[in-house]
2 protein chains.
Amino acid sequence: MAARKAVEKELTREMIMDAARDLFAEKDYQQVSMRQIATKLNYSHGAIYYHFKNKAELFYALVKDHFLMLNQRIEEIVDGEASNEEKLRKLYLGYIEFGLTHQNHYEIMFMIKNDEVRNFMSESPMLTYQNFARQVSKLSEKEMSIQEIWSIFISLHGFVSHYLGHVTTFDDVKRAAEFHANMLLRWTSA
Amino acid sequence: MAARKAVEKELTREMIMDAARDLFAEKDYQQVSMRQIATKLNYSHGAIYYHFKNKAELFYALVKDHFLMLNQRIEEIVDGEASNEEKLRKLYLGYIEFGLTHQNHYEIMFMIKNDEVRNFMSESPMLTYQNFARQVSKLSEKEMSIQEIWSIFISLHGFVSHYLGHVTTFDDVKRAAEFHANMLLRWTSA
DNA sequence: TCCTTTAATTAACCAGTGTTCAATTGTAGT
DNA sequence: ACTACAATTGAACACTGGTTAATTAAAGGA
């Protein structure tokens with residue numbers, strides 16, 4: 001009975017992911033439904049299943065992208081022009097900014113409890129942390145133990161996870177973030 | 001058609017709250033249903049509505065209790081016998097222990113995004129933090145700014161929120177928690 | 001004893017979920 | 001023009017959820 005959309009704009013994985021990304025800006029994994037995504041795209045919910053096996057696979061595709069983004073952001077900062085201390089500060093702020101700019105994805109990347117989703121990610125969070133830790137180790141004035149760096153990471157995560165949901169953009173807490181970053185810098189300076 | 005339970009053990013608000021508490025040890029607000037609570041109690045789901053107006057009210061009653069517990073724990077530590085530094089360490093560890101011992105409640109107390117629940121809590125989290133901050137201010141060697149204390153709190157929250165869901169008991173990460181607490185003590189020592 | 005109050009059950013309603021699948025369509029290749 | 005195929009639809013399935021309301025049963029007082 002049903003008509004097909006003009007083929008000029010066939011539904012693609014990208015389009016679906018974009019729509020899902022948008023909905024994620026407001027709600028979390030459980031609250032975003034396949035039907036909502038389809039509605040946003042003006043397609044039927046069944047169509048999504050032609051491009052993605054199921055909900056979990058769709059969201060895994062998103063998460064993978066975001067881990068890539070975060071890793072790139074870290075490298076971008078480290079490869080830039082600045083003193084080591086300045087780079088460290090940027091690293092800390094960059095992490096917070098990323099978390100608060102992609103709040104619902106940060107949640108999936110580092111906070112989700114749902115096993116269905118977590119199984120898909122496996123080692124991505126750990127790899128990102130290891131990358132982060134290696135850079136902190138290189139940039140800090142004094143020799144840092146693994147545990148010390150872990151405390152830094154935990155503290156950054158604390159900042160993001162606290163403001164997550166209570167605040168809409170990074171700029172809302174930029175000054176607080178800068179202060180927190182400075183506090184963490186005390187641990188790496190001789 | 002239906003029978004009533006023997007009146008020796010009438011259903012009470014306490015019983016319902018206990019059952020809900022238990023289910024919370026495994027799942028979060030959205031995943032715990034009124035029907036599950038009722039099943040656990042061997043009562044029908046309708047019975048709960050005789051004692052609580054709705055789901056949100058039931059969980060608010062739980063949350064209120066837990067804010068009380070946390071505040072008591074803080075006072076307990078501060079009023080105890082120990083050096084100021086030792087009390088601070090205990091304060092930090094106590095906070096983490098509380099968070100990881102009552103994981104799903106911690107989530108509701110400090111991490112929930114759901115407006116339905118958040119409206120019920122209003123200022124409880126802030127009052128708890130203010131209490132915490134006052135004590136840290138008293139116990140630290142040097143004069144601490146509001147922002148510095150806030151960083152400590154954020155960092156503690158980070159520890160809890162990271163391990164939340166990845167770990168079952170406080171003991172699983174006791175040593176890591178102790179290390180983290182020591183890191184935070186560096187900020188308060190002269 | 002009857003009557004009222006209280007407490008519990010159950011069915012029902014409504015709204016939503018992820019997923020599957022037969023049916024249908026548009027389009028490109030022959 | 002015909003066909004093969006990829007893409008899309010929408011109904012249907014099998015759930016789960018919170019909440020309400022009519023109904024029933026027990027307990028206690030008059």
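Naming convention: chains lettered A, B, ... in sequence-line order (proteins, then strands); numbering from 1 in each chain.
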**OP:** Verify the ring-centre separation between F153(A) and F159(B): is it less than 6.0 angstrom?
**Re:** no
Subject >> Close side-chain approach of Y106(B) and L70(B), heavy atoms under 4.5 Å >> reply: no
Original post:
So, is S33(A) close to the dT17(C) phosphate, meaning a side-chain N or O under 4.0 Å from OP1 or OP2?
Top reply: yes
Subject >> Spacing of Y49(A) atom OH relative to dC21(C) atom P, expressed in whole Å >> reply: 13 Å
Subject >> Nearest listed nucleotide, side chain of Y43(B), among dT9(D), dA8(C), dT19(D) >> reply: dA8(C)
**OP:** Give one of base, sugar-phosphate or nothing for H51(A), where a contact means two heavy atoms less than 4.0 Å apart.
**Re:** sugar-phosphate
**OP:** Determine whether any donor atom in the side chain of R35(A) lies under 3.5 Å from an acceptor atom in the base of dG16(C), or the reverse, and answer yes or no.
**Re:** no
**OP:** Between dT17(C), dT10(C), dT20(C), spot the one nearest the side chain of H45(A), thanks.
**Re:** dT20(C)
**OP:** Grab the CE-C1' distance between M34(A) and dG16(C) for me, whole Å please.
**Re:** 15 Å
Subject >> Pair Y29(B) + F24(B): ring centers closer than 6.0 Å >> reply: no
Original post:
Distance check: side-chain N/O of Y50(A) vs OP1/OP2 of dT8(D), anything under 4.0 Å?
Top reply: no
Subject >> Interatomic distance where NZ belongs to K55(B) and C1' belongs to dG16(C) [whole Å] >> reply: 14 Å
Original post:
Any side-chain N or O of Q36(B) under 4.0 Å from OP1/OP2 of dT16(D)?
Top reply: no
Subject >> Between C1' of dA7(C) and CE of M15(B), the distance in whole Å >> reply: 12 Å
Subject >> Between C1' of dG17(D) and CG of L58(B), the distance in whole Å >> reply: 15 Å
Subject >> d(CD1, I48(B); P, dA8(C)) in whole Å >> reply: 11 Å
**OP:** Measure the distance from NZ on K53(A) to P on dG18(C) and round it to the nearest whole Å.
**Re:** 15 Å
**OP:** Please determine, by modelled atom types, if H157(A) and Y129(A) share a side-chain donor-acceptor pair under 3.5 angstrom.
**Re:** no
Original post:
Is any NZ, NE, NH1 or NH2 atom of the basic residue among E86(B) and R89(B) found under 4.0 Å from an Asp or Glu carboxylate oxygen of the other?
Top reply: yes
Original post:
How many Å lie between CD on E57(B) and P on dG18(D), as a whole number?
Top reply: 15 Å
